[in-house]
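Here's the structure we're looking at; comments come further down.
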Number of protein chains: 2
Amino acid sequence: MVETSRRQAIEDVASDLFRERGYAATSIRDIARALSVQGASLYAHVTSKEDVLWAIVDRAATRFEQAADRAEADAAARRPGDPGEAIAALVRAHVAVLTADVDEAGVFVNEWRALGDERRRSILERRDAYQSRFRGHIEHGIAVGAFAMTDPSIATTTVLSAVNGIAAWYDPDGRLPADRIADHLVELTLRMLEGSR
Amino acid sequence: MVETSRRQAIEDVASDLFRERGYAATSIRDIARALSVQGASLYAHVTSKEDVLWAIVDRAATRFEQAADRAEADAAARRPGDPGEAIAALVRAHVAVLTADVDEAGVFVNEWRALGDERRRSILERRDAYQSRFRGHIEHGIAVGAFAMTDPSIATTTVLSAVNGIAAWYDPDGRLPADRIADHLVELTLRMLEGSR
DNA sequence: CTGCCTAACTAACGATCGTTAGGCTACCAC
DNA sequence: GTGGTAGCCTAACGATCGTTAGTTAGGCAG
């Protein structure tokens with residue numbers, strides 16, 4: 001990924017470090033060192049450390065939201081009202097965003113707590129809205145008998161925890177390409193929801 | 001929980017704060033303030049900040065290991081060689097430890113990265129060994145046809161991610177007692193592994 | 001040649017960090 | 001009462017934190 005702008009290069013490096021050590025444990029001077037530059041020099045491109053975190057988290061959130069938009073539209077076009085199709089599309093989209101930029105997505109998943117009050121609240125709302133998409137299809141699936149009876153809230157957080165777990169181990173150069181991983185997660189998720197025992 | 005010793009009180013407060021804000025974002029003086037004491041006073045009971053983290057992480061790790069020991073022994077006594085029984089027992093034990101002290105367990109799950117090199121490596125080994133117990137039963141289950149065919153590594157990390165996700169939302173005073181949550185997780189996990197689609 | 005823009009620099013600010021040193025007070029055993 | 005010990009205090013250390021200020025070097029446009 002060629003650095004299109006200096007600002008972007010800073011956010012890329014910051015994503016990497018925030019993901020690896022966490023926001024609080026990463027100093028401005030750490031980010032600068034990775035760019036072979038003095039710490040104070042970053043403030044020509046950035047207004048504060050939290051601003052960098054916010055830029056990363058906000059962009060990642062937008063990616064997840066837009067991917068979910070497309071996924072829901074596609075699923076509705078293919079098999080309208082089919083909860084399994086909708087969940088499969090959402091999971092596949094989620095894994096795609098997660099694996100397209102593990103650092104950025106990993107920061108979104110783990111470091112949003114470090115944001116200030118206002119921004120943290122804002123992200124929390126968007127997370128809730130995002131979760132609600134999954135829960136909506138799960139509840140619908142239970143209602144029409146496509147999914148086995150369960151507590152929809154627990155099923156929702158379990159699905160999302162399972163999928164987000166990928167961020168902890170995914171390696172772009174590892175065994176299994178991203179879409180193979182998505183296949184497995186879709187399979188496991190649908191079994192979990194549909195499964196009759 | 002009555003403070004049996006001063007050292008224990010420090011670790012309890014530290015578990016709470018480390019879990020809420022993270023290790024790096026929590027200062028010694030934050031912990032002291034929660035105990036209505038000066039920061040420097042803690043060093044009468046503690047040799048370093050990292051020592052406190054280590055005590056919490058080590059204890060939590062031991063709890064998970066011992067609970068898994070008992071779970072595997074019980075499962076083997078009840079239904080020897082039954083992979084479903086073994087996984088159910090492991091999941092139930094894991095949820096029990098997680099919910100018995102969410103702060104401590106949450107720190108173990110999320111903050112072990114903050115440990116120094118040596119201790120981090122040590123915990124990583126124990127985590128791997130712990131994961132291997134799950135993977136062993138999953139592989140066995142696939143081999144004997146009890147579980148549906150899948151990638152055992154992905155299935156293992158997915159199960160553990162799903163279960164660890166509880167630490168992010170569990171509230172001891174919330175709806176649903178801990179063992180109900182365990183019931184749901186066992187159900188979802190077994191569906192995921194056994195489910196035929 | 002001049003002037004602006006980008007990107008970096010050095011130096012320093014006040015705050016906070018983890019930690020050490022040394023002293024004080026209250027209680028309990030003998 | 002004497003000695004020990006558990007628990008806390010104040011004061012301070014050197015390091016590092018996020019951030020501001022003012023300056024310098026290079027390249028491109030007029």
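None of these values were measured; they are calculated from a predicted model. Proteins come first, then strands; the chains are lettered A, B, ... in the order of their sequence lines, and each starts at number 1.
With D:dC9, D:dC17, C:dA8 as the choices, the nucleotide that has an atom nearest any side-chain atom of A:Val37 turns out to be C:dA8. Minimum atom distance to the side chain of A:Ser48 is reached by D:dT19, of the listed C:dT19, C:dT10, D:dT19. Of the candidates D:dC17, C:dG18, D:dT20, C:dG18 carries the atom nearest the B:Lys49 side chain, counting heavy atoms from C-beta on.
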Start with the C-alpha gap between A:Leu185 and B:Ile154, add the side-chain angles, then the distance that decides, and say whether side-chain contact (heavy atoms from CB on, under 4.5 Å) holds.
CA-CA 8 Å; A:Leu185 263 294; B:Ile154 289 191; 4.1 Å; yes

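Residue A:His45 places none of its side-chain N or O atoms closer than 4.0 Å to OP1 or OP2 of C:dT6. OP1 and OP2 of C:dT19 both lie 4.0 Å or more from every side-chain N or O belonging to B:Arg29.
Five base pairs at each end of the helix from C:dC1-D:dG30 to C:dC30-D:dG1 define two local axes, and these are offset by 0° (rounded to 10°).
Using a cut-off of 4.0 Å between Lys/Arg side-chain N and Asp/Glu carboxylate O, A:Asp51 and A:Arg119 are scored as salt-bridged. Under 4.0 Å is where a charged nitrogen must lie from a carboxylate oxygen, and between A:Asp151 and B:Arg175 at least one such pair does.
Counting heavy atoms from C-beta outward, A:Ile123 and A:Trp54 have side chains that approach closer than 4.5 Å. Between B:Ile166 and B:His94, every side-chain heavy-atom pair lies at or beyond the 4.5 Å cut-off.
For the pair A:Ile31 CD1 and D:dT16 C1', the computed distance is 15 Å after rounding to whole Å. At whole-Å resolution of the value, CG in B:Asp51 and P in C:dG18 are 14 Å apart. With rounding to whole Å, B:Arg33 atom CZ is found 13 Å from D:dC9 atom P. Straight-line distance from the OH atom of B:Tyr23 to the P atom of C:dC17: 13 Å, rounded to whole Å. With rounding to whole Å, B:Trp54 atom CH2 is found 21 Å from C:dG18 atom C1'. Atom P of nucleotide D:dT19 and atom CD of A:Glu50 are separated by 9 Å, given to the nearest angstrom. Look at CZ on B:Arg21: it is 10 Å from P on C:dC17, rounded to the nearest Å. At whole-Å resolution of the value, OH in B:Tyr43 and P in C:dG18 are 6 Å apart.
In the model, A:Ser27 has a side-chain atom that pairs as donor or acceptor with a side-chain atom of A:Asp30 under 3.5 Å.
Residue contacts shown for B:Ser41 include a base, since a base heavy atom lies under 4.0 Å away.
With B:Phe108 as the aromatic partner, B:Arg127 meets the cation-pi criteria of under 6.0 angstrom to the ring centre and within 45 degrees of the ring axis.
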